[in-house]
Amino acid sequence: MSASTSGVVDGEPRETNVVTAIRDALHDEMAADDRVILLGEDVANRGGVFRISAGWMDEFGPERVIDTPLAEAGIVGVAIGMALRGLLPVAEIQFADFIHPAFDQIVSEAARMRYRSNGAFGCPMVIRAPCGGGIHGALYHSQSIEAFYAHVPGLKVVMPSTPADAAGLLRSALRDPDPVLFLEHKKTYRAVKGPVPDGPFLVPLGSADVKRAGTDLTCISYGYALHTCVEAASRLFDDEGVSVEVVDVRSLAPLDTDTMFTSVRSTSRVMVVYEDNRTYGAGAEIASTIAETLMFDLDAPIVRIGGPDIPAMPFAAPLEHFFMEPEPDQVYRRMRDLAAF
Amino acid sequence: MSASTSGVVDGEPRETNVVTAIRDALHDEMAADDRVILLGEDVANRGGVFRISAGWMDEFGPERVIDTPLAEAGIVGVAIGMALRGLLPVAEIQFADFIHPAFDQIVSEAARMRYRSNGAFGCPMVIRAPCGGGIHGALYHSQSIEAFYAHVPGLKVVMPSTPADAAGLLRSALRDPDPVLFLEHKKTYRAVKGPVPDGPFLVPLGSADVKRAGTDLTCISYGYALHTCVEAASRLFDDEGVSVEVVDVRSLAPLDTDTMFTSVRSTSRVMVVYEDNRTYGAGAEIASTIAETLMFDLDAPIVRIGGPDIPAMPFAAPLEHFFMEPEPDQVYRRMRDLAAF
Amino acid sequence: MSAGVATTAHGALGLSTEDLLAMYRTVVTARLLDEAALRQNRMGRAPFVVPAEGHEACQVGTAWAMRRGIDVWLPYYRDGALVLAAGMTPYEVFLGIFAKADDPSSGGRQMPAHWGHKELQIISGSSPIATQVPHAAGIAYAIKYRHEDAVVGCWFGEGATSEGDWHEGLNFAGIHRLPVIFVCENNRYAISVPQSMQMAIEDVADRAQGYGFPGVVVDGNDVLACYSAMKQAHERARAGEGPTLIECKTYRFLGHTSDDDDKTYRPRDEVERARHHDPVHVFGEYLRVHDIVDDATAEELRAEVKAEIDHALATAWEAADPLPESALRHVFYESDEGP
Amino acid sequence: MSAGVATTAHGALGLSTEDLLAMYRTVVTARLLDEAALRQNRMGRAPFVVPAEGHEACQVGTAWAMRRGIDVWLPYYRDGALVLAAGMTPYEVFLGIFAKADDPSSGGRQMPAHWGHKELQIISGSSPIATQVPHAAGIAYAIKYRHEDAVVGCWFGEGATSEGDWHEGLNFAGIHRLPVIFVCENNRYAISVPQSMQMAIEDVADRAQGYGFPGVVVDGNDVLACYSAMKQAHERARAGEGPTLIECKTYRFLGHTSDDDDKTYRPRDEVERARHHDPVHVFGEYLRVHDIVDDATAEELRAEVKAEIDHALATAWEAADPLPESALRHVFYESDEGP
Ligand SMILES: Cc1ncc(C[n+]2csc(CCOP(=O)(O)OP(=O)(O)O)c2C)c(N)n1
Ligand SMILES: Cc1ncc(C[n+]2csc(CCOP(=O)(O)OP(=O)(O)O)c2C)c(N)n1
Ligand SMILES: [Mg+2]
Ligand SMILES: [Mg+2]
């Protein structure tokens with residue numbers, strides 16, 4: 001239900017949305033520690049295309065809030081250098097779809113620095129990237145990229161679904177000695193509201209969270225799709241009394257299999273729901289690890305719902321709508337069928 | 001055991017190794033069609049670091065065998081342009097580990113050109129990349145990269161394990177109207193020999209192949225690991241009479257689930273073996289799709305064997321050896337246990 | 001004042017009065033189309049539009065040296081005026097803006113202004129900046145390889161010049177002396193990032209010498225200067241002398257896109273000052289001074305264009321939407337696509 | 001001929017006889033170490049080595065203007081002589097060649113010549129070419145941000161200059177006028193690809209002007225010329241005047257690595273001609289002309305160095321291999337690593 005399940009919480013909660021929670025947490029971190037540097041396209045002069053850093057160039061100075069050239073490999077590569085010299089860079093990629101030019105710097109450099117130097121050097125840095133669709137962003141402002149990066153040893157990948165998780169995970173990411181890819185689903189930015197504890201509370205990396213308790217089946221999801229699942233679960237409970245436990249993965253890498261396995265053992269039915277292209281998506285790993293470990297605990301085949309295998313979301317409303325499975329209705333139907341299996 | 005299972009074969013077979021089969025097939029294609037262009041680092045003057053194109057600059061001319069600058073995004077991007085203007089470029093990436101700078105050109109451009117133009121433009125091109133470990137290549141000359149690319153709609157990804165498959169798949173890739181990532185496991189180059197039909201036979205993209213027939217369990221693999229599995233299977237048959245069917249995936253995308261499902265239905269036990277880092281590796285998709293579809297056909301939990309989740313293979317012999325699981329012994333033991341389950 | 005053809009700027013460039021009128025009509029069409037599209041955006045009928053306002057001269061000027069049906073175009077999203085010069089109709093542009101099934105760029109799949117047109121040889125472009133630059137080099141390579149008489153034009157903003165792909169594309173084109181022209185529309189901002197935070201130099205054109213071919217700077221608000229530079233580059237390309245980098249100094253009058261509020265990062269008086277050099281007005285003045293248009297004919301042309309745009313808009317609005325399930329098509333080649 | 005300090009090339013640069021002897025010793029050590037390593041390779045005891053032969057002067061010359069313990073080094077695999085000048089010992093180099101547990105670069109995880117040394121501030125490098133260039137800019141940014149008195153040196157071959165990362169790194173450094181020096185060891189080949197197929201220009205240094213800072217060309221076989229250029233760049237960097245690109249024209253005498261057969265792509269007489277400018281001999285001649293060494297002292301130094309190398313080699317060979325299971329360590333931070 002909230003980050004309190006596994007986070008260290010202090011202060012009075014405040015109701016806010018995801019983008020504000022991210023802004024506030026990052027602001028506090030920057031105010032508290034001048035090693036924290038924000039760099040990216042349009043983050044300074046304009047305060048970010050999502051206005052997360054509006055006013056910060058004046059507040060923290062242009063040395064700490066840096067408008068970079070249009071060059072993602074350079075942004076990540078420069079951030080790696082900063083991290084190697086004692087700073088704590090937050091590299092903002094304007095849209096996750098544009099992170100691809102930095103693939104080599106992230107995979108070959110940031111994620112391998114510690115391993116290849118046998119522990120001598122490390123890259124404490126956060127790469128923030130707004131991802132996901134449903135906001136009329138078309139093919140190149142809608143992509144899900146988590147599957148590419150969750151596969152990379154040496155890199156941590158998280159995607160919060162609530163304001164509290166966003167704030168708590170961002171703080172943990174900034175305190176982590178290794179590189180963290182922090183994915184922000186754009187559709188949660190303003191649409192998802194919730195309480196955020198007031199203090200500098202943390203949500204540990206590598207921890208999943210039960211967002212809705214239930215007994216009949218386990219639904220595992222993350223990002224915006226998580227809310228689709230919670231909504232479907234609550235309708236299904238109201239309609240037919242089916243009790244669905246919804247687990248929020250939160251951390252794609254490392255994956256908290258304990259929390260998932262515990263839930264699946266108790267319900268014996270499981271579905272995995274994600275927005276990304278279905279085939280070779282992150283849900284494959286989740287389904288697969290459950291199949292290996294809990295096969296004989298299951299009363300029904302694992303259900304996996306992912307986006308269609310087309311290159312991201314088209315622009316035209318009818319086409320975008322077609323992609324934005326998992327829609328609540330589809331998830332609802334498959335939940336009901338799975339419970340009845 | 002050979003491509004004949006699903007390939008169109010003519011001519012007398014000839015015994016050769018994988019690297020020679022690739023060289024011969026590519027040579028014949030270049031000789032037959034002057035739209036075929038080879039470009040990459042060191043492919044002309046030196047004939048490639050694996051000597052695949054030795055002598056071709058003289059034979060086909062420097063316009064058709066092009067030494068490029070050291071710039072992988074440029075190599076792929078230029079190849080896309082060539083493909084858009086009626087050529088059939090074969091872009092050679094010197095080592096798969098160095099394909100990462102081209103990630104954006106492959107994912108955002110080559111793979112999306114057709115979709116984003118609603119079918120108006122296409123990129124018929126082949127990207128060849130020698131991959132895989134066990135050849136003392138250390139962290140950056142040993143990587144498996146198939147999982148990153150198999151997830152990309154619009155891109156086909158194949159990895160042959162035998163000389164005949166290499167030749168037949170390469171020809172199909174060159175005839176395909178869409179971009180194909182052709183992965184060549186370096187350890188198969190000289191170590192794996194086999195018959196290659198003499199004519200221009202094809203192995204269709206998207207077809208798996210039963211490399212060893214069996215009844216007790218299905219072992220699904222590809223690349224060099226496939227040979228580890230065949231070897232373990234044959235030892236296990238000799239030692240204990242256990243009959244293992246070994247399926248060669250060959251085509252990671254699209255995946256030939258029919259061939260795999262048919263085998264699994266007949267054996268009711270399945271293991272998936274791959275060299276790449278285990279977590280979020282290609283084996284996750286294979287295991288997951290079987291779990292969804294054939295759960296009640298299985299008599300034992302799915303077994304998944306992948307490489308450790310460390311950033312590729314270290315250089316020192318003891319460390320490389322440690323990574324090069326799946327070793328025959330490990331696969332052998334897990335096969336025996338699974339058959340006995 | 002009327003002048004003999006040979007002594008005027010356009011005469012010296014070999015441009016007739018008809019040429020100038022056709023160019024002017026294109027410039028005016030682009031401007032009015034932008035305005036109409038923005039109105040659609042404010043009315044909630046067009047979720048996203050990309051105005052070209054301010055860039056009309058450099059786009060139409062450079063385009064005019066290209067040969068429709070022969071040369072190849074790789075524009076970027078800002079190139080609304082360019083694609084009109086390349087032969088796209090306002091109707092086709094509105095099909096894109098309204099994301100209709102018949103949108104020639106993408107059938108409504110991409111955001112508007114992600115141009116593509118198979119018949120016109122406008123190569124499909126994407127959002128990631130500068131990715132088209134190596135494509136342009138590859139196409140030019142194929143042209144040279146097949147001894148074809150075609151030239152490739154590749155347009156981008158100054159922001160694109162920071163990307164690795166840009167460097168790699170220009171370098172390859174230089175090595176092989178390819179028939180390609182790189183046109184930088186330098187409006188001094190990449191969204192909000194001023195040129196000074198993008199590069200430590202004044203002229204992008206200076207980078208050309210690192211690739212072994214000429215870089216030239218032109219006034220991007222002067223349509224004839226842009227045409228002239230492009231014409232020379234085009235001749236160079238056809239003569240086998242290789243690429244040229246042309247930098248057009250220009251300015252964007254409106255927000256980056258309809259989603260952008262440029263007041264957050266640009267002083268209003270800077271925008272005002274730039275408007276004094278509005279390329280559409282500058283060109284109109286030139287035509288008046290040379291007695292090619294007067295107030296009446298200019299107004300007539302404007303009215304004609306406006307009617308054409310209104311009609312295009314209305315017709316496009318009525319066109320069919322793509323079918324939902326069509327989203328699954330064209331991931332791979334389909335046999336009905338032709339070669 | 002002996003000359004007063006002030007009138008010699010080295011005197012003008014402020015280098016004492018002791019400096020020169022130390023530089024010479026480093027150059028000779030690099031050469032003899034290369035030879036010893038290649039012998040180990042042929043004996044089958046070293047699966048992979050990367051000779052620096054031919055590059056000694058530009059590496060040691062540029063290194064000598066850096067301050068050990070203060071400045072930061074980002075070398076590439078060719079920089080075997082450079083890392084000796086930066087403070088690595090032959091023993092440490094051999095630990096890497098034999099992939100031993102105590103190899104300071106990577107504990108035997110990376111191929112030899114993938115340098116790294118935390119205490120010496122040699123930043124761990126990888127195989128993918130040019131990736132260290134933006135790192136160098138980022139480190140220099142942090143130095144400037146914290147008002148530290150340190151300079152970053154970043155070395156690479158001319159092949160690296162074709163990569164997008166190179167462009168992006170230099171551009172960033174130029175914008176922020178960072179204290180970083182980019183050194184290009186131009187040996188005219190990227191493995192087998194000749195410079196003419198890598199770029200359409202003669203001097204890589206020309207690219208610097210596209211980034212707003214100076215590019216200089218020096219004779220890479222002249223250790224003092226390299227030192228001089230680096231010294232000036234170092235002063236510029238410390239004075240807050242920003243980066244410099246130094247291009248050292250040099251040549252690689254042997255194959256690209258022990259895996260390469262350069263006979264497949266380079267004419268033998270080209271290599272022979274280059275050997276006439278062997279930087280180790282050139283430097284030796286300089287020292288003889290200035291009476292700083294004679295045949296006897298040169299031979300003595302050589303013998304001393306050889307003994308040191310033989311000892312280092314023998315000791316490193318006996319050192320412990322990494323434990324197999326240690327392959328699982330250091331994927332992420334471990335609490336025993338310190339900050
Ligand atoms: C690779 C990539 N990174 C970031 C973006 C987001 N973005 C879109 S346009 C733009 C600025 C482009 O500026 P410029 O090239 O100068 O063109 P202009 O819009 O000024 O005409 C940015 C940063 C993108 N589309 N692609
Ligand atoms: C990204 C990448 N692509 C390809 C390679 C393979 N490779 C290793 S060294 C090299 C040539 C480098 O040439 P240059 O930069 O001139 O340095 P030199 O070896 O001549 O000193 C190539 C192509 C690589 N290591 N990384
Ligand atoms: Mg701009
Ligand atoms: Mg070189």
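Just so it is clear, the model here is predicted, and its values are computed rather than measured.
- Remark: side-chain polar atoms of C:Arg329 are not paired, donor with acceptor, to backbone N or O of B:Tyr115 under 3.5 angstrom.
- Only the side chain of C:Val72 comes within less than 4.5 Å of a heavy atom of chain B; its backbone N, CA, C and O stay farther away.
- Interface remark: C:Ala150 contributes side-chain atoms only to the contact with chain B (heavy atom separation under 4.5 Å).
- Only the backbone of C:Ser105 comes within less than 4.5 Å of a heavy atom in chain B; its side chain stays farther off.
- With hydrogens and angles ignored, the 3.5 Å screen pairs no side-chain donor or acceptor of C:Tyr141 with any backbone N or O of B:Ala79.
- To the nearest 0.5 Å, atom CD1 of residue C:Ile122 and atom OG of residue B:Ser117 are 13.0 Å apart.
- Side-chain contact between B:Arg85 and C:Ile143: present, with at least one pair of heavy atoms (C-beta onward) separated by less than 4.5 Å.
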Atom pairs and distances, donor-acceptor, side-chain atoms in residues 93-101 of chain C, under 3.5 Å, two or more places apart:
unit_1: C:Lys100; atom_1: NZ; unit_2: C:Trp317; atom_2: O; d: 3.0
unit_1: C:Lys100; atom_1: NZ; unit_2: C:Ala319; atom_2: O; d: 3.0
unit_1: C:Lys100; atom_1: NZ; unit_2: C:Asp321; atom_2: OD1; d: 3.3

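- Looking at C:Leu170, there are no atoms closer than 4.5 Å to chain B (heavy atoms on both sides), in backbone or side chain.
- Between C:Ser126 and the choices B:Glu109, B:Met113, B:Arg112, the side chain to side chain contact (heavy atoms under 4.5 Å, CB included) rule is met once, by B:Glu109.
- Close approach to chain C, defined as a heavy atom under 4.5 Å from one of its heavy atoms, is seen in B:Asp34, B:Ile37 of residues 29-52 of chain B, taken by number.
- Residue B:Leu84 holds its CG atom at 9.5 Å from NZ of C:Lys118, rounded to the nearest 0.5 Å.
- At a 4.5 Å heavy-atom cutoff, the contact between B:Pro62 and chain C is made by backbone atoms alone.
- With a threshold of 4.5 angstrom between heavy atoms, C:Leu74 does not approach chain B through any atom at all.
- Interface summary for chain C: among B:Asp176, B:Val76, B:Leu155, the most heavy-atom pairs under 4.5 angstrom belong to B:Leu155.
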Derivation and outcome, side-chain hydrogen bond (donor to acceptor under 3.5 Å, both in side chains), residues C:Ser106 and B:Arg116 = CA-CA 6 Å; C:Ser106 73; B:Arg116 79 179 185 220; over 6 Å; no

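- Side chain of B:Gln105 to main chain of C:Thr131: a donor-acceptor pair is present (N/O by atom type, distance under 3.5 Å, no hydrogens or angles).
- Summarising the geometry of B:Gly77 relative to C:His135, their closest heavy-atom pair is O-CD2, 3.4 Å, with the distance given to 0.1 Å.
- A salt bridge is absent between C:Lys144 and B:Glu63: the closest approach of a Lys/Arg side-chain nitrogen to an acidic carboxylate oxygen does not fall below 4.0 angstrom.
- C:His117 touches chain B through its backbone: at least one of N, CA, C or O sits under 4.5 Å from a heavy atom, while the side chain does not.
- B:Asn118 CG to C:Gln110 CD: the interatomic distance, rounded to the nearest 0.5 Å, is 10.0 Å.
- Residue with the most contacts toward chain C among B:Thr68, B:Ile75, B:Val78: B:Val78 (heavy-atom pairs, distance under 4.5 Å).
- When all heavy atoms are compared, the tightest approach of B:Gly81 to C:Ile139 is O-CG1, 3.3 Å.
- A donor-acceptor pair under 3.5 Å is absent between the side-chain atoms of B:Asp178 and the main chain of C:Phe332, judged by distance alone.
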